[in-house]
S.K.: 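Take this structure, written in structure tokens, and hold onto it; I'll ask about it next.
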Amino acid sequence: MSSELQKGIRKFLDSLRGERNASVHTLRAYDNELIRFAEYLGPEARWKEIDHVTIRGFLSHLHGRGLSKVSVARALAALRSMYKWLAREGIVQQNPAKLVASPRLPKKLPRVPTTEEINGLLNAEMPESAAFPERDRAIFELLYGCGLRNSELVGTELGDIEEANGVILIRGKGKKQRYVPLEGAAADALMIYREARQRVLNAIHKNTRRLFINQRGGPLTTRSVRRIVKKIAVSRGLPPDMHPHTLRHAFGTHMLTEGADLRAIQELLGHERLSTTQKYTQLSITHVMEVYDKTHPRAK
């Protein structure tokens, strides 16, 4: 590493440590990315010689080494942050990293309803078009309140509810199981629905272990849940592309926005990899790192 680049990088990291009180996690991540950049340039490199073409070459180098698009985007975020500081300090005149586009990450999911939109939907009475209002409210409350997949919702059985512990057992992908909290509005809606459910079953002299049923006592299907969610959402003025996964996505996004720990969200959603949660929350890698630094107990 050239002495000029080394000096600039160290001063930048010192500013993160002092002025911005960055966490050890952020400092380590930025240190690794910037050292990798300096090593790529070689010992004789100078700040004034580096332009956007050089930075693009570095990102291509990372991609060629097998790094993911998220990792390449993280490296570019570190460079942009450092160059912003270098320009402020008068070490460089321009920020060439601003001229480099971020790698195209996986296609974004549909727009996430705001907290206000979700509350407006759930705080209101079920519309007259709701065929089984107690059940339909419980569907919305569990999809949003517990972050369930559609398949997980319809696969839930009565025995999976542990009222004494305030949790519900969820059977996720790959036969993996997890517990999620069942409290507040979701627990209240489920209690009311279970009473209505039993009345339906008593009237038709039928019994089933499945939690969510239709009015004939049969198990509810994922297709039926999609239809119910879309119909009720549209009646409340939400976009017609609303579907069960939109509510699951809103669960994770709203929790992250409120400062929840990213790994806790990962556990609640049943994601095997943290990177899946990062993509799923639809936030930029820079925002994810900032929230992680502020909320994850090991990032302090």
Side-chain angles (χ1 to χ4, degrees), residues 1-108 253 256-257 259 261-262 273-275 277-296 298-300:
M1 181 188 296
S2 72
S3 59
E4 181 176 316
L5 264 61
Q6 184 178 38
K7 184 178 179 181
I9 291 172
R10 291 307 164 201
K11 283 188 174 181
F12 167 64
L13 293 174
D14 286 342
S15 75
L16 286 181
R17 190 178 294 107
E19 300 170 9
R20 293 170 53 182
N21 194 29
S23 72
V24 173
H25 172 78
T26 296
L27 290 169
R28 185 184 302 116
Y30 276 31
D31 193 10
N32 291 339
E33 301 297 349
L34 298 175
I35 287 177
R36 186 183 289 168
F37 178 62
E39 289 175 346
Y40 167 79
L41 294 176
E44 303 301 323
R46 299 290 181 267
W47 292 120
K48 65 180 181 180
E49 301 169 351
I50 301 170
D51 59 12
H52 65 283
V53 177
T54 305
I55 294 176
R56 282 201 190 105
F58 170 62
L59 299 182
S60 297
H61 167 72
L62 296 181
H63 182 71
R65 291 180 56 189
L67 271 69
S68 68
K69 289 185 177 181
V70 171
S71 297
V72 174
R74 185 172 59 237
L76 179 57
L79 286 171
R80 283 175 174 169
S81 181
M82 182 186 67
Y83 265 100
K84 187 175 182 180
W85 177 86
L86 290 171
R88 191 172 69 241
E89 294 295 311
I91 298 174
V92 298
Q93 299 300 314
Q94 300 180 34
N95 183 349
K98 290 177 64 176
L99 301 176
V100 181
S102 297
R104 181 174 293 181
L105 298 178
K107 186 178 179 181
K108 290 185 177 181
T253 303
L256 188 62
T257 301
D261 176 71
L262 193 61
R273 296 188 180 92
L274 185 62
S275 59
T277 312
Q278 290 171 331
K279 295 175 185 177
Y280 189 79
T281 53
Q282 217 174 22
L283 297 174
S284 70
I285 188 65
T286 303
H287 192 146
V288 168
M289 289 177 69
E290 289 175 355
V291 173
Y292 181 91
D293 293 338
K294 293 177 181 178
T295 62
H296 197 288
R298 298 295 292 179
K300 300 297 184 181

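No hydrogens, no waters, no symmetry mates; every other heavy atom, side chains included, goes into these values. Bear in mind the structure is a predicted one, so any value in this text is a computation, not a measurement.
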S.K.: Can you tell me how far CG of L34 sits from CD of E39, rounded to the nearest 0.5 angstrom?
M.R.: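 Those atoms lie 11.0 Å apart.
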S.K.: Between E33 and R74, does any side-chain N to carboxylate O distance fall below 4.0 Å?
M.R.: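 Looking at R74 together with E33, the answer is yes, because their closest N to O distance falls below 4.0 Å.
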S.K.: Between the main-chain N or O of A87 and the side-chain N or O of Q93, is there a donor-acceptor pair closer than 3.5 Å?
M.R.: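 Looks like no, no N/O pair under 3.5 Å.
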S.K.: Over all heavy atoms of both residues, which pair between Y30 and A77 is shortest? Give the atoms and the distance, please.
M.R.: OH-O, 4.3 Å
S.K.: Taking NZ, NE, NH1 and NH2 as the nitrogens, is one of them in D31 or R28 under 4.0 Å from a carboxylate oxygen of the other?
M.R.: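 A salt bridge is absent here (no side-chain N lies under 4.0 Å from a carboxylate O).
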S.K.: What distance do M82 atom CE and I91 atom CD1 have between them, rounded to the nearest 0.5 Å?
M.R.: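 Rounded to the nearest 0.5 Å, the CE-CD1 separation comes to 9.5 Å.
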S.K.: Looking at every non-hydrogen atom in both residues, tell me the closest pair between L5 and A45 and how far apart they are.
M.R.: CD1-O, 3.4 Å
S.K.: Any chance you could measure S68, atom OG, to L62, atom CG, to the nearest 0.5 Å?
M.R.: 10.0 Å
S.K.: Would you say the side chain of R36 lies within less than 4.5 Å of the side chain of R65, judging by non-hydrogen atoms?
M.R.: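 Yes - at least one pair of side-chain heavy atoms lies under 4.5 Å apart.
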S.K.: Sequence neighbours left out, what passes side chain to side chain contact (heavy atoms under 4.5 Å, CB included) with K98? Give chain and number order.
M.R.: N95
S.K.: For residues 51-60, please give each side-chain donor-acceptor pair under 3.5 Å, one per line with the distance, not counting sequence neighbours.
M.R.:
residue: D51; atom: OD1; partner: V53; partner atom: N; Å: 3.2
residue: D51; atom: OD1; partner: T54; partner atom: N; Å: 2.9
residue: D51; atom: OD1; partner: T54; partner atom: OG1; Å: 2.9
residue: R56; atom: NH2; partner: L99; partner atom: O; Å: 3.4
residue: S60; atom: OG; partner: R56; partner atom: O; Å: 3.1

S.K.: How many angstroms lie between CZ in F37 and CG in N32, if you round to the nearest 0.5 Å?
M.R.: 15.5 Å
S.K.: Which heavy atom of G8 sits nearest a heavy atom of W85, and at what distance?
M.R.: O-CZ3, 3.7 Å
S.K.: Out of R17, K11, R10, which residue meets the salt bridge (Lys or Arg N to Asp or Glu O under 4.0 Å) rule with D14?
M.R.: R17
S.K.: Looking at side-chain heavy atoms only, is the closest gap between F12 and L86 below 4.5 Å?
M.R.: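 The answer is no; the side chains never approach within 4.5 Å.
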S.K.: Supply the atom-to-atom distance L41 CG to W47 CH2, rounded to the nearest 0.5 angstrom.
M.R.: 8.0 Å
S.K.: With a 6.0 Å cut-off (strictly less than), is the heavy-atom count around CD of E49, excluding the residue itself, greater than 12?
M.R.: yes
